[in-house]
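The structure appears right after this line, and notes come after that.
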Amino acid sequence: LFFDKHNTAVLFAAPVSGEVIEVNRGEKRAITTIVILADKEIKYKSFLPFDLSSATREQIVKYMCDGGVWPMIIERPFGTIASLEHVPDNIFITTFDSAPLAPNANFVVGGKESEFQKGLDVLSRLTGGKVHLGLNAKADSAPSKAFTQAQGVEKHWFEGKHPAGNVGVQIHHIAPIKKGGRVWTLGVQEVISIGALFLRARHEADRVIALGGTGLKDSGYIKSYVGASIGDLSQGLLNENSRIISGDVLSGKQETAN
């Protein structure tokens with residue numbers, strides 16, 4: 001769809017195949033949304049297969065940029081897209097969200113265990129430190145085996161009330177960011193997308209989305225794609241005078257249906 005004007009190697013891939021029908025702009029003509037009319041059957045651009053075992057770090061980074069998954073990695077302390085030049089001290093992934101109405105990561109990773117592990121394998125090649133995995137020690141059901149049996153990572157168990165599942169809290173307790181240091185963070189579904197690129201040589205942006213709250217006539221999970229219209233996802237489900245929040249109740253962003 002577009003690239004980072006400050007670093008043209010960082011590409012932002014379309015989550016679906018189709019036709020761009022709108023480019024909407026806000027203040028100072030900044031682009032706010034790009035609207036894609038999706039094909040009924042999603043088509044994918046195929047990349048060349050990638051041999052992770054023999055590749056250099058630079059080759060891995062380039063493949064991720066070409067495949068459109070690099071913007072999924074967030075660099076702290078400033079919450080920006082990860083730098084291509086800097087090697088992070090550590091990479092952190094939390095496998096549970098303790099916020100109200102948050103999706104269950106066990107359900108999200110179901111059927112995607114191999115993609116999740118492949119994503120971890122890739123990330124372990126990008127840091128000079130460790131890939132840290134935060135696990136829920138106090139849940140109604142045990143964490144998925146995709147998390148508890150993950151290879152090449154260091155596992156940490158957390159319990160307690162929210163924000164125990166917040167990755168920033170986990171970073172603070174595991175390995176706080178030092179002055180001048182950098183760490184990367186990702187969500188479970190972003191790790192899966194990275195793994196899918198290296199397993200099937202294509203950009204897969206499908207997502208499992210949780211719909212919840214008293215403002216809905218029905219709640220549950222929906223399979224969709226990054227950037228899907230909230231109005232389409234909640235069509236026929238919203239009660240009158242409902243407030244729509246994208247993200248969790250405590251720190252999400254208020255949105256409109258369109």
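As the structure is a computational prediction, the values presented were derived from the model and not from experiment.
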Identify each donor-acceptor pair in which a side-chain atom of residues 28-41 lies under 3.5 Å from a protein atom, sequence neighbours left out, and give them as a table.
from, atom 1, to, atom 2, distance (Å)
Thr32, OG1, Asn24, O, 3.1
Thr33, OG1, Asn24, ND2, 2.8
Asp39, OD2, Ser17, OG, 2.9

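A heavy-atom distance below 4.5 Å is found between the side chains of Arg76 and Ile177. Counting heavy atoms from C-beta outward, Ser246 and Glu255 have side chains that approach closer than 4.5 Å. Proximity of Ile222 to Val208: side-chain heavy atoms (C-beta onward) are nowhere separated by under 4.5 Å. Counting only heavy atoms from C-beta outward, the side chains of Lys217 and Leu238 never approach each other to under 4.5 Å. Looking at heavy atoms from C-beta onward, Glu115 lies out of side-chain contact with Lys118 at the 4.5 angstrom threshold. Between Trp157 and Glu159, the closest side-chain pair of non-hydrogen atoms is not below 4.5 Å. Annotation: side chain of Val191 is in contact with side chain of Ile93 (closest heavy-atom distance under 4.5 Å). Side-chain atoms of Ile73 and Met64, non-hydrogen and from C-beta on, do get closer than 4.5 Å to each other.
Side-chain atoms of Glu75 come within 3.5 Å of backbone N or O of Ser83 as a donor-acceptor pair. For the pair Ser98 (side chain) and Gly165 (backbone), a donor-acceptor distance under 3.5 Å is present. The backbone N or O of Tyr225 sits nowhere less than 3.5 Å from a side-chain atom of Arg207 that would complete a donor-acceptor pair. Checked by atom type and distance alone, the side chain of Arg57 never pairs as donor or acceptor with a backbone atom of Val87 at under 3.5 Å. When atom types are taken as modelled, the side chain of His132 and the backbone of Phe92 share no donor-acceptor pair closer than 3.5 angstrom. At distances below 3.5 Å, not a single donor-acceptor pair connects side-chain atoms of Asp4 with backbone N or O atoms of Leu11. Proximity of a side-chain donor or acceptor of Ser193 to a complementary backbone N or O of Ala205 within less than 3.5 Å is not detected. In terms of modelled atom types and a separation under 3.5 Å, the side chain of Glu154 and the main chain of Leu133 share no donor-acceptor contact. Side-chain atoms of Tyr221 come within 3.5 Å of backbone atoms of Asn104 as a donor-acceptor pair (strictly under, hydrogens ignored). In this structure, Asn239 contributes its side chain and Ser242 its backbone to no donor-acceptor pair below 3.5 Å.
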- Query: Passes ring pair (Phe, Tyr, Trp, His ring centres under 6.0 Å), Phe147 versus Phe96? Steps please.
  - Reply: CA-CA 10 Å; Phe147 304 143; Phe96 70 103; 9.6 Å; no

- Task: Give the intermediate values and the outcome of salt bridge (charged side-chain N to carboxylate O under 4.0 Å, His left out) for residues Asp206 and Lys112.
- Result: CA-CA 11 Å; Asp206 53 304; Lys112 301 269 189 174; 2.9 Å; yes

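We find that Lys130 and Asp89 are not joined by a salt bridge, their nearest charged nitrogen and carboxylate oxygen being 4.0 Å or further apart. Comment: Arg200 engages Glu204 in a salt bridge, judged by a side-chain N to carboxylate O separation of less than 4.0 angstrom.
Taking hydrophobic clusters as Ile, Leu, Val, Met, Phe, Trp and Tyr residues chained together by side-chain heavy-atom distances below 4.5 Å, Ile230 does not share a cluster with Leu101. Leu199 and Val108 fall into different hydrophobic clusters, where Ile, Leu, Val, Met, Phe, Trp and Tyr are joined by side-chain heavy atoms under 4.5 Å apart, directly or via other members. Put simply, Ile74 and Trp70 are part of two different groups of oily side chains (I, L, V, M, F, W, Y) that touch within less than 4.5 Å, one to the next. Val167 and Leu186 fall into different hydrophobic clusters, where Ile, Leu, Val, Met, Phe, Trp and Tyr residues are linked whenever their side-chain heavy atoms come under 4.5 Å apart, directly or through other members. At a threshold of 4.5 Å between side-chain heavy atoms, the hydrophobic network of Ile, Leu, Val, Met, Phe, Trp and Tyr places Leu216 and Leu233 in one connected group.
Surrounding CZ of Phe12 are more than 12 heavy atoms belonging to other residues, nucleotides or ligands, all under 6.0 Å away. Other residues, nucleotides and ligands contribute only 12 or fewer heavy atoms inside 6.0 Å of the NE2 atom of His172. Ile21 CD1: more than 12 foreign heavy atoms inside a 6.0 Å radius.
Side-chain atoms of Gln170 and Thr94 form a donor-acceptor pair, as typed in the model, at a separation below 3.5 Å.
Tyr63 and Phe198 have their aromatic ring centers within a separation under 6.0 angstrom.
Checked against Val153 for a side chain to side chain contact (heavy atoms under 4.5 Å, CB included), the options Leu123, Ile91, Val131, Asp121 give a single hit: Val131.
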